[in-house]
2 protein chains.
Amino acid sequence: MSDTQSDSRKPVFAAERRQRILDLVRANGAVSLRELAQAVRSSEVTVRRDLRALESEGLLNRHHGGATLPGELSREAGYTHKVSLESAEKSAIADLACALVEEGDAIVVGPGTTTQEFARRLTRHSELTVVTNSLLVAQVLAGSPRVEVMLTGGTLRGSILALVGSAAEGSLAGLRVRRAFISGNGLSAERGLSTPNVQVAGVDRALAAAAEEVVVLADHTKVGVDTMVQTVPPERIDHLVTDEGAPGDVLDELAGRGVRLHVATI
Amino acid sequence: MSDTQSDSRKPVFAAERRQRILDLVRANGAVSLRELAQAVRSSEVTVRRDLRALESEGLLNRHHGGATLPGELSREAGYTHKVSLESAEKSAIADLACALVEEGDAIVVGPGTTTQEFARRLTRHSELTVVTNSLLVAQVLAGSPRVEVMLTGGTLRGSILALVGSAAEGSLAGLRVRRAFISGNGLSAERGLSTPNVQVAGVDRALAAAAEEVVVLADHTKVGVDTMVQTVPPERIDHLVTDEGAPGDVLDELAGRGVRLHVATI
DNA sequence: AGATATCCGATCAAATTCGTTCTGATTCGG
DNA sequence: CCGAATCAGAACGAATTTGATCGGATATCT
């Protein structure tokens, strides 16, 4: 949507800064105040003033910690902690992962900011069926008439806006799709994909079990990291999409276990 | 201010400078005053005068610190403002409906802007279990740790951000809660609640079937209106929450069929 | 339910920018 | 050749913008 020229330069005027803020909010749905201040290179006070002005014009909704689009499904809770600072990496990973999706596919997409970015790029595909337990992924794809979105049932976990529990796992039981695109909190060569939450782990296992092939989307901060609960063993991972910041030894070992690597350059 | 006659006498150099300023602004989209003064080898005062003249002709927009193209910083980016229209009515209805919820309840909430407003008020309750097929309702309640949210599975209907289809209906089959709060597109005394979409109708029926009592939330624009598919027959409706704009005869007839009325004053 | 941490709002101070007035310079007409 | 007029530059006061800090409010966690 950035049809304007590149955004590196700029004699940042007040009006332009506001426009930029508006663009950022529109692109991400919800942005924290701190992130906005960092993005436009201004103090938080100034951004707060701009937000107030934009809100008075009805262009966005402002609440504690940041701003969201008016009337849009967006996370009100959680963006103070989970801001997409490595958006460049995530973006590149998402781009690369798109190559693993074919027209007419049926795929599973797990929760996470990276997978959400990935989902945003799926709107171009046609005749796609996406199964997910993430409300954010579902919302991103809601506007695409050519993509059919199926949401698992289950109990809502507010912090990540994803569905968990036995109902979520059960609704995946009878399903079989070609590929699952998931993104845990840690990925190591020995223990595979892992996540710190037991409930989330259960659903992640079910997501992986519903697919013939498992594709893991993980930026470099997650590679080589182990968290509490193992979800997908390394043997079960078929593809890994990451960025060039990932440690080489871990990647090598993963490759030795049959994982095909896709490293995005930023 | 006697410089309004811009072209009676044309000092070629001045006109050329203005043209150059205009070109610079057009090329870069936004240029600071200092840069302009430097580029045309004139003082900032002169450039300021030129900018004022150019602005009066509508050729550019002047801001603090420089100038931009007229259309560049427009904020009408085609975003559809779907802000709630009868927000006052919806708000009052939602307030009144809250009285029908008790602590420790398990309830069903259907899709719709009114029910979303209703859900927003449930965050105060404790030990509440909410079953819904609406992503908007789920998102509103996501931040409340004391409210457990269960989402039905199903196919996502993007236009209303709700889950429909056999999976949605099936996940409601084994459920039994105390009250269902739903809001269709039309409500008449003869045919009860109705909606224009067949799929949505199916889920609405399942939502109603899962509850002992059905509470309909409908503002006055929907009362007395029939749409295509009937979802809940009038005998099955236990409560109606509406606002004082609703036609009295329809309300009377509904009351005659056993519907308890709750009319909100705005 | 209470304690803690974070965020918001308001007031104040510093810096930049704008508007106005004045002065010097160049050009055109008589 | 001289006067008038207009344009360009300079200076000063006013207005706007930005950033910092403090008290109060709000959300989160135990």
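Computed from heavy atoms alone, side chains included, the values below leave out hydrogens, waters and symmetry copies. In what follows, chains carry the letters A, B, and so on, assigned in the order in which the sequence lines appear, proteins first and then strands, with residues in each chain numbered from 1.
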(Q) Can you measure L33(A) atom CG to dG19(D) atom C1' for me and round it to whole angstrom units? (A) 14 Å

Q) Does any N or O donor sit under 3.5 Å from an N or O acceptor when you compare the side chain of R48(B) with the base of dG9(D)? A) no

Q) Looking at R62(B), does any N or O in its side chain come under 4.0 Å of the phosphate oxygens OP1/OP2 on dG19(C)? A) yes

**Q.** Minimum side-chain heavy-atom gap R157(A)-N197(A) below 4.5 Å
**A.** yes

Q. Rounded to whole angstrom units, what separation is found between the CD atom of E44(A) and the P atom of dT21(D)?
A. 13 Å

Q: Could you check if a side-chain atom of S171(A) sits within less than 4.5 angstrom of a side-chain atom of M150(A), using non-hydrogen atoms only?
A: no

Q.
Check this one for me: any side-chain N or O of S43(B) less than 4.0 Å away from OP1 or OP2 of dA8(D)?
A. no

Q. Hey, which of these two, T46(B) or V45(A), hits DNA chain D nearer its 5' end, going by closest nucleotide?
A. T46(B)

(Q) Whole angstroms only, please: what is the CD-P distance between E55(A) and dC8(C)? (A) 11 Å

Q) Tell me: CD1 of I21(B) to C1' of dA8(D), nearest whole Å? A) 13 Å

**Q.** Interatomic distance where NE2 belongs to H63(B) and P belongs to dT18(D) [whole Å]
**A.** 12 Å

Q | Salt-bridge contact R62(A)-E55(A) (side-chain N to carboxylate O under 4.0 Å) | A | yes

Q: Look at the side-chain N and O atoms of R17(B) and state whether any lies under 4.0 Å from the OP1 or OP2 oxygen of dC7(D).
A: no

Q: Check whether any side-chain heavy atom of V101(B) sits under 4.5 Å from a side-chain heavy atom of F181(B), and report yes or no.
A: yes

Q.
Is it the case that dG9(C) (base atoms only) and R49(A) (side chain only) share a donor and an acceptor within less than 3.5 Å, ignoring hydrogens and angles?
A. no

**Q.** Nucleotide dT16(C), atom C1' - distance to CZ of F13(A) in whole Å
**A.** 13 Å

Q. Between dC18(C) and R34(B), is there an OP1 or OP2 to side-chain N/O distance shorter than 4.0 Å?
A. no

(Q) Quick check on dT20(C): is either OP1 or OP2 less than 4.0 Å from any side-chain nitrogen or oxygen of R52(B)? (A) yes

Q. Hey, which of R179(B), R178(B), R176(B) is the one that makes salt bridge (charged side-chain N to carboxylate O under 4.0 Å, His left out) with E213(B)?
A. R179(B)

Q: Can you tell me the distance, in whole Å, between the NE2 atom of H64(A) and the P atom of dA5(C)?
A: 16 Å

Q.
Could you tell me how far apart N61(A) (CG) and dC8(C) (C1') are, to the nearest whole angstrom?
A. 17 Å

